[in-house]
Amino acid sequence: MAALKGYGLCSMDSALQFPCPKLFNSYKRRSSKWVSPKAAVVPNFHLPMRSLEVKNRTNTDDIKALRVITAIKTPYLPDGRFDLEAYDDLVNIQIQNGAEGVIVGGTTGEGQLMSWDEHIMLIGHTVNCFGGSIKVIGNTGSNSTREAIHATEQGFAVGMHAALHINPYYGKTSIEGLIAHFQSVLHMGPTIIYNVPGRTGQDIPPRAIFKLSQNPNLAGVKECVGNKRVEEYTENGVVVWSGNDDECHDSRWDYGATGVISVTSNLVPGLMRKLMFEGRNSSLNSKLLPLMAWLFHEPNPIGINTALAQLGVSRPVFRLPYVPLPLSKRLEFVKLVKEIGREHFVGEKDVQALDDDDFILIGRY
């Protein structure tokens, strides 16, 4: 501001010291080069909410090694609150059957229908109860960078081992903005980026991932575009999990994927582990493909919610806008369970078709 000595100043924020318009124009004419004052644009110097405690801190390589990660379902009570007793049983079954990680509050877990208080509480609850036995990956992504930053800080503060981040959906952004969005959260801890253009309306191109992979906290990508994209990443040293259950066998054994982030493993975790750990098994894959097709007949999580209710693992409670599959599809599921073998599915009750009146639909909770 030495160059402005002798000029009057408006009574604006003294820290910014903007000259009055007339004097500004006079100064601009006399100056060989005008440099805009630094106003509202401040570099991102926020400090993460980190603890000095390291017992639950996870190395990114530990996340990269996971082969079976279950996108865990969130069960509800009849009033729409979380049914933590049913949730704990479901997570325990995953652990007992060899799943190595759970995505908490993802699409399958209906994070999109949760308040952030519910979201962080469920992540913290999962870490507190199961963090020593399974990796807890919290879905703290958002289409708002501000929300993604805040939720990720909170998620790591309550002990999650890694974060799952989706690209900004609906409003979308430029590729440069997309990269900046992910860079705002990557420094906080191990991170999986989730690419599902069918839901977000925007593909994350490989050039964005390759740039972000320079950050050591990028564990890898959950990729739903297809196996050719998986191969492009694995050939360039980027860890990938298939996001499509019906492609995960080939993705793992033919295209180099590390494993799968799975919806189907909610139902048959042992078989999904076998598919990912025990080598190429086309017969098992073929046996599971009809179940996978059934689960995605309508948008996820409609199928998995219906299936777990029919197995008696969760109450038949749906948070709207999700509603159960129709009776014809529920009868089809009973047949699928019998063909695959009830012993392979979670829960201990006999599978039932359930009547329409058995389901509770919650709009306000």
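The environment of Glu176 atom CD is dense: over 12 non-hydrogen atoms of other residues, nucleotides or ligands sit within 6.0 angstrom. No more than 12 heavy atoms of other residues, nucleotides or ligands sit less than 6.0 Å from atom NZ of Lys274. Heavy atoms of other residues, nucleotides or ligands lying less than 6.0 angstrom from CD of Glu339 number more than 12.
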Test Asn300 against Thr108 for side-chain hydrogen bond (donor to acceptor under 3.5 Å, both in side chains), laying out the working first.
-> CA-CA 6 Å; Asn300 182 48; Thr108 307; 2.9 Å; yes
So Phe210 and Tyr233, ring pair (Phe, Tyr, Trp, His ring centres under 6.0 Å) or not? Walk me through it.
-> CA-CA 8 Å; Phe210 292 143; Tyr233 287 142; 5.7 Å; yes
Checking side-chain hydrogen bond (donor to acceptor under 3.5 Å, both in side chains) for the pair Asn227/Asp250: CA distance, chi angles, key distance, verdict?
-> CA-CA 8 Å; Asn227 283 335; Asp250 294 347; 5.2 Å; no
Go through the steps for Leu311 and Phe333 under the test side-chain contact (heavy atoms from CB on, under 4.5 Å), then give the verdict.
-> CA-CA 10 Å; Leu311 291 167; Phe333 179 70; 4.0 Å; yes
Would you please test Thr264 and Asn266 for side-chain hydrogen bond (donor to acceptor under 3.5 Å, both in side chains) and show each step?
-> CA-CA 5 Å; Thr264 308; Asn266 278 277; over 6 Å; no
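For Glu110 and Asn305, the side-chain atoms include at least one donor-acceptor pair closer than 3.5 Å. Between the side chains of Trp116 and Glu147, a donor-acceptor pair is found at a separation under 3.5 Å.
Ile134 is not connected to Ile137 by any chain of hydrophobic side-chain contacts under 4.5 Å among Ile, Leu, Val, Met, Phe, Trp and Tyr, and they are in different clusters. Both Val102 and Met114 sit in one connected hydrophobic cluster of ILVMFWY residues. Membership requires side-chain heavy atoms under 4.5 Å apart, directly or through other members. In the hydrophobic clustering of ILVMFWY residues, with side-chain heavy atoms under 4.5 Å counting as a link, Ile149 and Met160 come out together. Linking ILVMFWY side-chain heavy atoms closer than 4.5 Å, directly or via other members, places Ile95 and Leu122 in a single hydrophobic cluster. A single hydrophobic cluster is not seen to contain both Leu164 and Met188; linkage of ILVMFWY side chains at heavy-atom distances under 4.5 Å, directly or through other members, places them apart.
Checking side-chain atoms of Thr191 against main-chain N and O of Gly189 turns up a donor-acceptor pair under 3.5 Å. Between the side chain of Ser265 and the backbone N or O of Val268, no donor-acceptor pair lies under 3.5 Å. Of the possible polar contacts, one joining the Thr74 side chain to the Gly109 backbone as a donor-acceptor pair under 3.5 Å is found. Although no hydrogens or angles enter the test, the distance criterion places no donor-acceptor pair under 3.5 Å between the side chain of His119 and the main chain of Gln112. In this structure a side-chain-to-backbone donor-acceptor pair under 3.5 Å is present from Glu100 to Val68. Using modelled atom types, one side-chain atom of Gln310 and one backbone atom of Gln352 make a donor-acceptor pair closer than 3.5 Å. Without hydrogens or angle criteria, Thr70 side chain to Ile72 main chain gives no donor-acceptor distance under 3.5 Å.
Note that the OG1 atom of Thr258 and the CD1 atom of Ile63 stand 12.0 Å from one another [nearest 0.5 Å]. Once rounded to the nearest 0.5 Å, the distance linking CD1 of Ile103 with OG1 of Thr126 reads 11.5 Å. In this structure, OG in Ser314 is found 10.0 Å from OH in Tyr76, a value given to the nearest 0.5 Å.
Using a 4.0 Å cut-off between a side-chain N of Lys or Arg and a carboxylate O of Asp or Glu, Arg330 and Asp356 qualify as a salt bridge. The pair Glu332-Lys335 does not count as a salt bridge, with every side-chain nitrogen at least 4.0 angstrom from each carboxylate oxygen. A salt bridge links Arg319 with Glu118; the closest basic N to acidic carboxylate O contact falls under 4.0 Å. Under the 4.0 Å criterion applied to side-chain N and carboxylate O atoms, Asp350 and Arg342 are not assigned as salt-bridge partners.
Under the side chain to side chain contact (heavy atoms under 4.5 Å, CB included) criterion, Asn285 pairs with His249, Leu275, Leu289, sequence neighbours left out. Scanning for side chain to side chain contact (heavy atoms under 4.5 Å, CB included) contacts around Asp79 gives Leu77, Arg81, with sequence neighbours left out. Take Phe82 and apply the ring-ring contact (aromatic ring centres under 6.0 Å, His included) test, not counting sequence neighbours, and it matches no residue.
Under the side chain to side chain contact (heavy atoms under 4.5 Å, CB included) rule, Val260 has a single partner from Glu247, Met272, Arg252, which is Met272. Just one of Asp245, Asn244, Asp246 meets the side chain to side chain contact (heavy atoms under 4.5 Å, CB included) condition when paired with Phe296; it is Asp245.
Taking every heavy atom of both residues into account, Ile204 and Asn195 meet most closely at N-OD1, 3.0 Å. Closest approach of Val230 to Ala257, counting heavy atoms only: CG1-CB, 3.9 Å. Looking at every heavy atom in both residues, Gly347 comes nearest to Val313 through CA-CG2, 3.7 Å. Smallest separation of non-hydrogen atoms from Gln94 and Pro269: OE1-CB, 3.5 Å. When every heavy atom of Ile123 is checked against every heavy atom of Gly155, the shortest pair comes out as CG2-O, 4.5 Å.
Judged by a 6.0 Å distance limit and a 45° cone about the ring axis, Arg67 is positioned over the six-membered ring of Phe277.
Relative orientation of the Tyr87 and His125 rings is tilted, given thresholds of 30° and 60° on the angle between their planes.
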